[in-house]
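Notes for the one structure printed next.
In what follows, every chain begins at residue 1, and chains take the letters A, B, ... in the order their sequences are listed. The structure presented is a predicted model; accordingly, all values stated were derived computationally and were not measured.
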Amino acid sequence: MDLTLKVWRQDGPGEPGEFKEYEAKGISADSSFLEMLDFVNERLVEAGEEPIEFDHDCREGICGTCGVMINGHPHGDQKGTATCQLHMRKFNDGDRIVIEPWRATGMPVIRDLIVDRSPLDRIIEAGGYVSVNTGGTPDANLIPIPQMAAESSMDAASCIGCAACIAACPNSAGQLFTSAKLAHLNLLPQGQPERYERTVAMVDKMEEFFGSCTNHAECEEACPKSISIDNIAFMNRDYIAGKFKDRRKAGQS
Amino acid sequence: MTTLDAKVPEGPIQDKWTNHRFDIKLVNPANKRKYDVIIIGTGLAGASAAATMGELGYNVKVFTYHDSPRRAHSIAAQGGINAAKNYPNDGDSIYRLFYDTVKGGDYRSREANVYRLAEVSNEIIDQCTAQGVPFAREYSGLLDNRSFGGAQVSRTFYARGQTGQQLLLGAYQALARQVGLGNVTLFNRSEMLEVVLHEGRAVGVVVRDLVTGEITSHSAHAVVLATGGYSNVFFLSTNAMACNTTAIWRAYRKGALFSNPCFTQIHPTCIPVHDEFQSKLTLMSESLRNDGRIWVPVDPDETRAANDIPEEERDYYLERIYPSFGNLAPRDVASRAAMRMIDENKGVGPLKNGVYLDFADAIGRLGKDVIEARYGNLFEMYERITDEDPYEVPMRIYPAPHYTMGGLWVDYNLMTTVPGLYAIGEANFSDHGANRLGASALMQGLADGYFVLPYTIADYLADYLNVAPVPTDHEAFQATEEEVRSRIDKLLSINGSRTVDSFHRELGRIMIDECGLARTKSGLEKALRDIPALREEFWKDVKVTGTDDSYNSELAKAARVADFFELAELMCRDALEREESCGGHFRVEHQTEEGEAKRDDINQAHSSAWEWKGLSVPPEHHKEALDFEYVALAQRSYK
Ligand SMILES: Cc1cc2nc3c(=O)[nH]c(=O)nc-3n(C[C@H](O)[C@H](O)[C@H](O)COP(=O)(O)OP(=O)(O)OC[C@H]3O[C@@H](n4cnc5c(N)ncnc54)[C@H](O)[C@@H]3O)c2cc1C
Ligand code: FES
């Protein structure tokens with residue numbers, strides 16, 4: 001198939017950027033979206049031009065490295081699909097595709113389609129863990145966990161940290177990412193001792209970088225792992241509870 | 001000349017690790033903060049080591065070329081992690097896990113290391129559970145297990161088809177905690193390009209910032225490489241796009257011996273290649289073989305759709321040839337059997353390059369819901385890629401390069417032959433011999449990082465108490481930085497006519513043809529002529545666009561591919577030298593009448609360890625003899 005790409009090019013952080021057009025001819029419908037970009041890039045290099053820089057690694061939808069806006073949708077408009085898992089058969093011959101980086105003040109562009117997502121690491125560093133050191137832990141089966149709880153926790157833990165949720169949000173809010181990590185840990189017995197401290201610390205850190213949630217739910221729509229916005233409600237409840245100091249001391253809700 | 005001393009502790013195998021921990025030197029808690037340790041890589045091995053060393057009080061600097069530690073290739077592991085818990089009460093034990101792993105590795109691993117791995121496997125499950133890793137559970141709330149190839153017990157713990165993701169997130173979170181506490185400093189988007197040696201010891205690294213292109217030196221008392229495997233030498237593999245050999249290859253060029261480079265694993269269940277534009281191959285977890293049945297049509301000229309082929313015209317060849325292990329035969333065995341079917345022209349799919357993996361029976365027996373709960377995300381991934389629904393038609397699968405058992409040679413302490421330089425996880429050669437069993441890499445990465453290295457490294461560090469690290473303005477660092485700069489300048493200045501990928505693709509084709517599933521003397525000799533020629537062409541005609549002071553993925557890729565060329569040559573040399581078939585290394589000249597791998601335990605019961613002598617000089621071949629005191633050497637049989 002033959003396509004026209006309109007791609008955001010930007011040399012570096014803080015530099016002005018612009019859209020440029022490229023022809024992508026003879027693309028196989030079985031190629032993935034990123035293979036299509038590889039193909040265009042290889043032609044650019046052959047012509048002595050600098051290729052379009054984009055982030056990617058596993059190409060299996062699990063590492064969360066990839067992610068671009070495709071025709072205004074984070075990861076394109078196929079539901080529950082990361083950019084690398086999107087295939088060209090979902091497009092039509094002759095299509096014009098607009099490709100942009102994630103846009104959010106908290107995630108500045110590094111180059112072309114690559115953005116700096118390190119604030120997500122800062123949020124995890126603020127409390128997205130269980131404070132156990134290596135060694136001396138009890139036998140794993142000493143803590144039975146109802147299957148339902150383990151499954152719900154796993155649903156939230158499936159987040160790949162790609163930041164599509166933030167890119168999708170009109171306010172560039174980080175609620176879906178943050179609440180997914182909180183739900184993963186706060187739903188499990190292991191997560192209970194630090195539940196409220198964790199919630200307050202992570203939410204406060206999140207607010208240093210990202211906007212506020214006003215319930216647009218665009219994040220859930222954009223999430224390649226279909227993480228539910230119910231997690232946000234759960235997080236908000238724990239945040240309020242965490243703000244009541246006596247409850248936090250008692251370690252219960 | 002380097003001599004190989006594996007430093008295996010004395011005593012019965014069950015006591016070696018306990019005795020060793022008592023015998024080696026310790027660093028007392030108050031002194032730990034006087035040591036700087038550099039860890040390269042944040043996969044399961046690197047993240048777990050960095051977190052643990054940080055908790056213990058060492059000053060740790062950790063580097064990754066990814067934008068976040070959580071992106072390491074370990075994230076993609078699907079199927080599970082082994083441990084000898086024996087929760088299902090089906091006869092498992094530490095000894096059985098040890099035995100299966102030595103046997104599965106086709107008797108080319110070091111017994112003492114493997115025993116230790118089996119011994120600490122249970123602690124890993126406890127540790128991960130305590131961190132909140134959401135392993136699959138039964139209705140009782142207790143942990144669930146499944147089976148993997150090469151084992152007749154259920155010992156694999158899993159988190160849906162995302163076990164690597166969940167284990168890595170556990171380790172990443174433990175690491176993030178240490179970063180937050182200030183015990184570990186994290187350098188993301190930073191690629192290590194050289195190890196720095198002074199007076200024969202590893203004293204630091206030279207690193208390039210992938211965003212700014214800045215080249216900096218970092219010094220430490222010890223350097224740990226946790227940089228993963230090198231399957232991407234084949235161009236198409238199941239590894240993530242950026243996986244490469246640079247860290248260990250540079251270490252090899254600085255004197256660390258490289259062991260068994262030709263021991264690579266071709267995984268039987270991957271989605272077949274669809275066309276020439278393909279950039280990578282996708283694994284379908286081995287766990288699928290718990291419920292899927294593998295078959296090909298009996299008739300090579302078969303044209304009907306899979307579902308229209310009647311039962312009696314199907315050949316469930318694994319069940320037929322290996323009745324006791326059936327579809328769960330180990331990977332090397334299953335891959336070669338698939339290759340034979342395809343060679344007999346019984347392949348399926350448009351390119352006749354696959355075999356069927358069929359879930360119809362399992363869906364009939366257990367219901368679609370159960371299958372969906374077990375493998376839902378894999379089925380979805382398969383459908384995305386192939387546009388076929390595996391609930392309705394059988395999957396098509398084909399063997400693909402997946403894992404590398406070879407790596408830097410390490411002793412029992414996980415130290416390479418360069419003092420102060422360690423290698424952990426897939427980057428080292430230990431534990432898996434000539435073939436790795438499923439669900440054992442995650443186990444090894446976490447064993448090394450959480451439970452082995454943090455102890456054994458003290459034995460080395462103890463001697464350097466109050467010795468300051470070599471400063472980065474020292475001549476040793478300056479000279480190494482210069483080497484790195486001139487190599488980068490060289491790559492940018494060639495301005496030839498061919499892209500990096502075109503070279504990489506061509507190298508991959510040579511490697512898969514001559515050093516892939518089946519290897520021959522003449523093929524390897526041919527590869528040893530073709531690879532250096534291609535390498536020379538690369539250095540004359542590669543085209544790398546852009547500059548060295550901004551984000552430049554072509555430049556990073558070019559440097560990695562340059563190292564793949566040299567590694568490829570060593571792999572072929574190793575494969576040529578090893579006159580036997582064992583595990584993933586199948587030399588066509590050495591096979592039984594039934595076409596199974598034929599080992600030569602008299603002449604080849606050793607690990608090869610290669611010493612770099614220069615670019616056009618053959619490397620020196622060292623051998624570590626392997627003694628099997630506990631597991632009797634036997635023809636591996638899965639029949
Ligand atoms: C698709 C797939 C599925 C798998 N499934 C399973 C499974 O179910 N069970 C199992 O046991 N095993 C499985 N494996 C194997 C297993 O995932 C890997 O062997 C293991 O995760 C490797 O971990 P590691 O920590 O050694 O390396 P990696 O996870 O590869 O991490 C390497 C790290 O090193 C960094 N790095 C590398 N070089 C440099 C450098 N020069 N400078 C800076 N940083 C560098 C990278 O950024 C990364 O952080 C699977 C493998 C694949 C490919
Ligand atoms: S490249 Fe890993 S999720 Fe897309």
**Study point:** All ring pair (Phe, Tyr, Trp, His ring centres under 6.0 Å) counterparts of A:Phe33, not counting sequence neighbours
**Key:** A:Phe91
Revision key, fill the gap. Whatever's closer than 4.5 Å to a heavy atom in chain B on A:Ile145 counts as both
Point to revise | Contacting region of A:Asp55 [heavy-atom separation from chain B under 4.5 Å] | key: side chain
Point to revise | Exam field: side chain B:Glu123 to backbone A:Gly135, donor-acceptor pair closer than 3.5 Å | key: no
Practice item. Keeping the roles fixed (side chain from A:Asn141, backbone from B:Leu143), state whether a donor-acceptor pair exists under 3.5 Å. Key: yes
Practice item. Check for a donor-acceptor pair, side chain of B:Arg71 on one end and backbone N or O of A:Gly64 on the other, with a separation under 3.5 Å. Key: yes
Practice item. Measure distances from B:Phe157 to the heavy atoms of chain A and classify the residue's part below 4.5 Å as side chain, backbone, both or neither. Key: neither
Review point. Does any heavy atom of chain A fall under 4.5 Å from the side chain of B:Leu186, the backbone, both, or neither of them?
Key: side chain
Review point. What distance do B:Leu142 atom CG and A:Ile143 atom CD1 have between them, rounded to the nearest 0.5 Å?
Key: 11.0 Å
Exercise for review: Not counting sequence neighbours, list each pair that qualifies as a side chain to side chain donor-acceptor pair (under 3.5 Å) and has a residue in residues 128-141 of chain B.
Suggested key: B:Gln131-B:Tyr450
Check your understanding: Going from CD1 on B:Ile75 to CD1 on A:Ile160, what distance comes out if it is rounded to the nearest 0.5 angstrom?
Key -> 9.0 Å
Check your understanding: When you measure from the side chain of B:Glu55 to the backbone N and O of A:Thr134, does any donor-acceptor pair fall under 3.5 Å?
Key -> yes
Exercise for review: Please report the closest heavy-atom contact between B:Pro134 and A:His184, naming both atoms and the distance.
Suggested key: CD-NE2, 3.6 Å
Review point. Does a donor on one side chain and an acceptor on the other come within less than 3.5 Å for B:Tyr172 and A:Asp121?
Key: yes
Practice item. Among A:Arg89, A:His87, A:Arg117, A:Gln190, single out the residue with the greatest number of heavy-atom pairs under 4.5 Å to chain B. Key: A:Arg89
Practice item. Can you run down the salt bridge (Lys or Arg N to Asp or Glu O under 4.0 Å) pairs that involve residues 132-154 of chain A, sequence neighbours left out, and say none if there aren't any? Key: A:Asp139-B:Lys85, A:Glu151-B:Arg160
Practice item. Begin with the C-alpha distance, continue with both residues' side-chain angles, and end with the deciding distance and a verdict on side chain to side chain contact (heavy atoms under 4.5 Å, CB included) for B:Arg384 and A:Gln78. Key: CA-CA 10 Å; B:Arg384 291 254 150 77; A:Gln78 189 181 1; 3.4 Å; yes
Exercise for review: Please list, in residue-number order, every residue in residues 272-282 of chain B that has a heavy atom less than 4.5 Å from any heavy atom of chain A; write 'none' if there are none.
Suggested key: B:His274, B:Asp275, B:Phe277, B:Gln278, B:Ser279, B:Lys280, B:Leu281, B:Thr282
Practice item. Examine whether an atom of A:Ser32 lies under 4.5 Å from a heavy atom of chain B, and if so say whether it belongs to the side chain, the backbone or both; otherwise answer neither. Key: neither
Study note, to complete from the structure: The interface call for A:Lys181 against chain B, heavy-atom contacts under 4.5 Å, is side chain
Practice item. Check whether more than 12 heavy atoms from other residues, nucleotides or ligands sit under 6.0 Å from atom NZ of A:Lys20, and answer yes or no. Key: no
Check your understanding: To the nearest 0.5 Å, how far apart are OG in A:Ser118 and CZ in B:Arg189?
Key -> 8.5 Å
Exercise for review: Give a yes or no answer on whether the side chain of A:Asp57 reaches the backbone of B:Ala242 with a donor-acceptor pair at less than 3.5 Å.
Suggested key: yes
Review point. When rounded to the nearest 0.5 angstrom, what is the spacing between CE in B:Met241 and SG in A:Cys63?
Key: 11.0 Å
**Study point:** Proximity breakdown for B:Ser502 and chain A, heavy-atom pairs closer than 4.5 Å
**Key:** both
Study note, to complete from the structure: To the nearest 0.5 Å, atom CD of A:Gln85 lies from atom CD1 of B:Ile385 at 5.0 Å
**Study point:** Engaged part of B:Asp387 at the chain A interface, taking heavy atoms whose separation is under 4.5 Å
**Key:** both
Review point. Going from OG on B:Ser550 to CZ on A:Arg111, what distance comes out if it is rounded to the nearest 0.5 angstrom?
Key: 4.0 Å
Revision key, fill the gap. Pair count under 4.5 Å, heavy atoms only, with chain A: among B:Gln166, B:Gln162, B:His73, B:Glu380, highest is B:Gln166
Check your understanding: So, A:Glu42 and B:Arg498, do they make that salt bridge, N to O below 4.0 Å?
Key -> no
